[in-house]
Amino acid sequence: MQTLGNKKILLGITGGIAAYKSAELVRLLVKAGAEVRVVMTPSAQEFVQPLTYQALSGHRVYLDLFDAEADSAMDHIELARWCDLLLVAPATADFLGKLNAGYADNLLLTLCLASKQPVAVAPAMNQQMFANPSTREHIKQLAAKRVMLWGPAEGEQACGDVGPGRMLEAQQLFDNIRQHFSPGRLDGVKLLLTAGPTREAIDPVRYISNRSSGKMGYAIAEAAVRQGAGVTLVSGPVSLAPPQGVELVNVESAQQMYDAVMQRAGESDIFIACAAVSDYRVDQAAQQKIKKSSDSMSLQLVLNADILATVSALDQRPFCVGFAAETQDVEKYALGKLERKNLDMIAANQVGDGNGGFEVDFNQLEVFWHGGRHAIGQASKSEVAKQLIDLIAERYTCASS
Ligand code: C5P
C-alpha cells in the first residue's frame with residue numbers, strides 16, 4: 001500500500017555504523033510511495049558508499065555543499081524547501097552537538113539550518129557518549145527547539161557495550177515517519193494535562209515536595225500530540241524538555257497549578273491529572289528564612305484544593321482521567337477515587353518496592369472506568385503512555401458519540 005504516497009523525505013546520514021540500517025529505511029520508504037533524497041556527511045561516506053542509497057532511492061546522493069554538478073546554485077535551499085520531513089539517521093553525537101550549536105560546515109547541517117520543515121533525529125552512538133552530560137544537554141536543547149528525537153534503543157552495541165545508544169531499527173523509523181504523517185485518533189481534541197510534583201513553600205528557600213519526576217506525564221503529553229491532540233501541559237518543576245508541539249505552562253505550587261488548570265479546563269475536551277499534587281501546603285509560609293532556634297518546630301499544614309475533583313465538578317466538564325499511585329490495595333483505592341472524584345477513567349499503579357512509578361523509566365498501569373478495566377503491562381513510560389492514550393481515545397470517543 002502506498003501509505004506515504006507524495007511524501008518527500010530528506011534523509012540525512014552521518015558517520016555511524018548504523019548507516020547500513022538506513023539503506024533498509026530507504027527501501028521501505030520508496031516501497032511505501034515516498035520520494036526520498038539522501039544527503040551524506042563526509043564521515044558517513046566512510047561507512048557506506050553513496051551508490052547504495054542512490055540505487056535504492058533512484059536519485060543521486062547529495063554530498064557536498066560546493067558541488068559544481070549541483071542542479072542549481074541554491075542547491076541546499078532548494079532541498080530544504082523541497083522536503084516534507086528531514087530525518088537524520090544515524091545522528092552522531094558530533095552531529096547533534098553541531099546541530100544544536102547552529103553550525104553549517106557541511107551540506108546536511110546547512111540543510112537543517114535552512115529548513116522550515118519538521119526535523120527528526122535518530123541518535124546512534126556508544127552508550128557512554130549518549131550518557132555524557134554534553135550530549136544530554138544538546139538533546140535537551142534540541143528538543144526545546146522542536147527537533148523530534150526518535151530513539152535511541154537500548155541493547156548490544158557495535159563496540160560491545162550494552163545500553164541506550166543504538167539507532168532504532170529501520171522498521172521502527174519507518175513506523176515513526178508513517179505516524180508523523182497519519183491523522184491521529186485525537187485530531188482536533190484539546191487535551192489539558194498536569195504533570196510533575198508541586199512545591200509548597202515553607203520559607204523563601206525551603207519547600208515540601210515529592211518524588212514525582214514528571215516522566216509519565218511528559219510521555220503522555222508526547223503520545224497525545226502524536227495522536228493529533230492539541231496539548232497544554234501544566235507542569236510542576238521537573239528537569240525534562242517539553243515534548244515537541246506541546247504548550248507548556250510552568251507552575252510551582254498546587255495553588256498555581258489549580259489556577260492554571262481552572263483557566264483552561266472549561267475549553268478542554270480531555271483533562272488528565274497526572275501530577276503528584278501536594279495534598280497540604282504550609283498555612284503561613286515565612287517571608288524570611290526560618291532560623292533554627294529550638295530543638296523542635298511544628299508546621300501548620302492546610303489542605304490544598306483537589307484540582308481534579310474541582311474540574312470534574314464543573315458544569316461544562318472535560319472527559320476526566322485521574323491517577324492513583326498506591327502502595328497497597330490498588331484496585332480498592334482506585335475504584336474509590338473513580339467514584340468520589342466523579343471521573344471517567346482512573347489509571348492506577350502500585351508504587352514502591354521496584355514496581356515502577358516515581359523516578360524510574362518504566363511503569364505498569366491498571367486502568368478502570370465504569371463497567372470496564374484494562375491492564376497495561378510493564379514497559380517503558382513512553383510505551384505505557386502510548387497504550388494509555390489509545391485507551392483514553394477509545395473511551396473518549398465512546399463517551400462523546
Ligand atoms: O486523592 P489522590 O491525591 O490520591 O488523587 C490522585 C489524583 O488526583 C491524581 O490524578 C492527582 O493528579 C489528582 N489530584 C489533584 N489535586 C490534588 C490532589 C490530587 O488534581 N490536590
Side-chain angles (χ1 to χ4, degrees), residues 191-201 207-221 224 231-238 249-266 268 270-283 301-314 317-352 355-359 363-369 376 381 384-385 388-389 391-392 395-396:
L191 190 147
L192 181 64
L193 178 85
T194 64
T198 60
R199 284 180 183 170
E200 307 304 318
Y207 55 79
I208 299 172
S209 192
N210 58 64
R211 292 183 185 279
S212 169
S213 65
K215 283 181 185 164
M216 194 64 227
Y218 275 55
I220 293 171
V231 178
T232 303
L233 173 61
V234 179
S235 174
V238 297
V249 182
N250 283 310
V251 295
E252 259 196 43
S253 66
Q255 183 61 49
Q256 288 169 357
M257 187 172 274
Y258 177 93
D259 293 341
V261 167
M262 295 319 289
Q263 261 177 37
R264 295 162 175 88
S268 303
I270 299 178
F271 175 54
I272 307 177
C274 193
V277 185
S278 195
D279 288 326
Y280 294 91
R281 67 177 178 279
V282 178
D283 190 15
L301 302 180
V302 291
L303 198 59
N304 276 322
D306 191 308
I307 304 168
L308 177 56
T310 312
V311 171
S312 79
L314 292 173
R317 85 196 255 291
F319 182 91
C320 290
V321 184
F323 270 76
E326 308 291 348
T327 52
Q328 56 177 347
D329 290 336
V330 176
E331 181 173 346
K332 189 177 107 192
Y333 286 121
L335 288 173
K337 274 173 209 174
L338 185 73
E339 287 307 321
R340 202 169 57 254
K341 301 199 188 196
N342 184 31
L343 306 179
D344 297 288
M345 288 177 92
I346 190 149
N349 63 339
Q350 182 140 2
V351 288
N355 283 305
F358 288 163
E359 288 180 314
N363 204 359
Q364 63 192 75
L365 295 172
E366 188 77 30
V367 189
F368 302 91
W369 59 93
I376 299 175
K381 283 187 173 169
V384 170
L388 179 64
I389 279 295
L391 198 57
I392 292 173
R395 301 307 314 156
Y396 169 72

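Here the structure is a predicted model, which means the values were calculated and not measured. Read the numbers this way: they start at 1 and go in the same order the structure lists the ligands and their atoms.
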The closest protein heavy-atom partner of atom 18 (C) of ligand 1 is V277 CB, 3.7 Å
(request) Assess A254 for proximity to ligand 1: is some non-hydrogen atom of it under 4.0 Å away? (result) no
- Could an N or O of ligand 1 be found under 3.5 Å from any N or O of R340, whether backbone or side chain? no
key: Modelled atom types, side-chain donor and acceptor of S235 and Y218, under 3.5 Å   = yes
Worksheet item: Can you find a pair of side-chain heavy atoms, one from M262 and one from L314, that are under 4.5 Å apart?
Response: yes
Looking only at protein heavy atoms, what sits closest to atom 20 (O) of ligand 1 is L308 N, 2.9 Å
In this structure, atom 14 (N) of ligand 1 is nearest to the protein heavy atom D306 OD1, 3.9 Å
V251 and A260 have their tightest heavy-atom pair at CG1-CB, 4.0 Å
Any heavy atom of A305 under 4.0 Å from ligand 1? The part involved is backbone
Nearest non-hydrogen protein atom to atom 3 (O) of ligand 1, with distance, is D279 OD1, 3.8 Å
Within 4.0 Å of some non-hydrogen atom of G322, the atoms of ligand 1 are 10 (O)
query: Does at least one non-hydrogen atom of E326 fall below 4.0 angstrom from an atom of ligand 1?
result: no
**Request:** Measure from the side-chain N and O atoms of D344 to the backbone N and O of C320, and report whether any donor-acceptor pair falls under 3.5 Å.
**Result:** yes
Restricting to heavy atoms, the pick from Y258, F323, F271 nearest atom 6 (C) of ligand 1 would be F323
heavy-atom search around atom 16 (N) of ligand 1 in the protein gives I307 N, 3.0 Å
ask   = Is A275 close to ligand 1, meaning an N/O of one under 3.5 Å from an N/O of the other?
value = yes
Taking the side chain as C-beta and beyond, is there a heavy-atom pair between F319 and I392 under 4.5 Å?
-> yes
Notebook entry, point to check: With a 3.5 Å cut-off and no angle check, do the side chains of D259 and Q255 form a donor-acceptor pair?
Noted result: yes
Quiz prompt | Carboxylate-amine/guanidinium proximity below 4.0 Å for K341 and D306 | solution = yes
closest protein heavy atom to atom 4 (O) of ligand 1 is K337 NZ, 2.4 Å
Can any side-chain N or O of S268 pair as donor or acceptor with the backbone N or O of I270 at less than 3.5 Å? no
Scanning both residues in full, the closest heavy-atom pair of A254 with V277 reads CB-CG1, 3.6 Å
protein heavy-atom neighbour closest to atom 19 (C) of ligand 1 works out as K341 NZ, 3.9 Å
- [ ] Would you check if R395 and V321 make a side-chain contact, meaning some heavy-atom pair closer than 4.5 Å?
- [x] no
The protein heavy atom nearest to atom 10 (O) of ligand 1 is A273 O, 2.6 Å
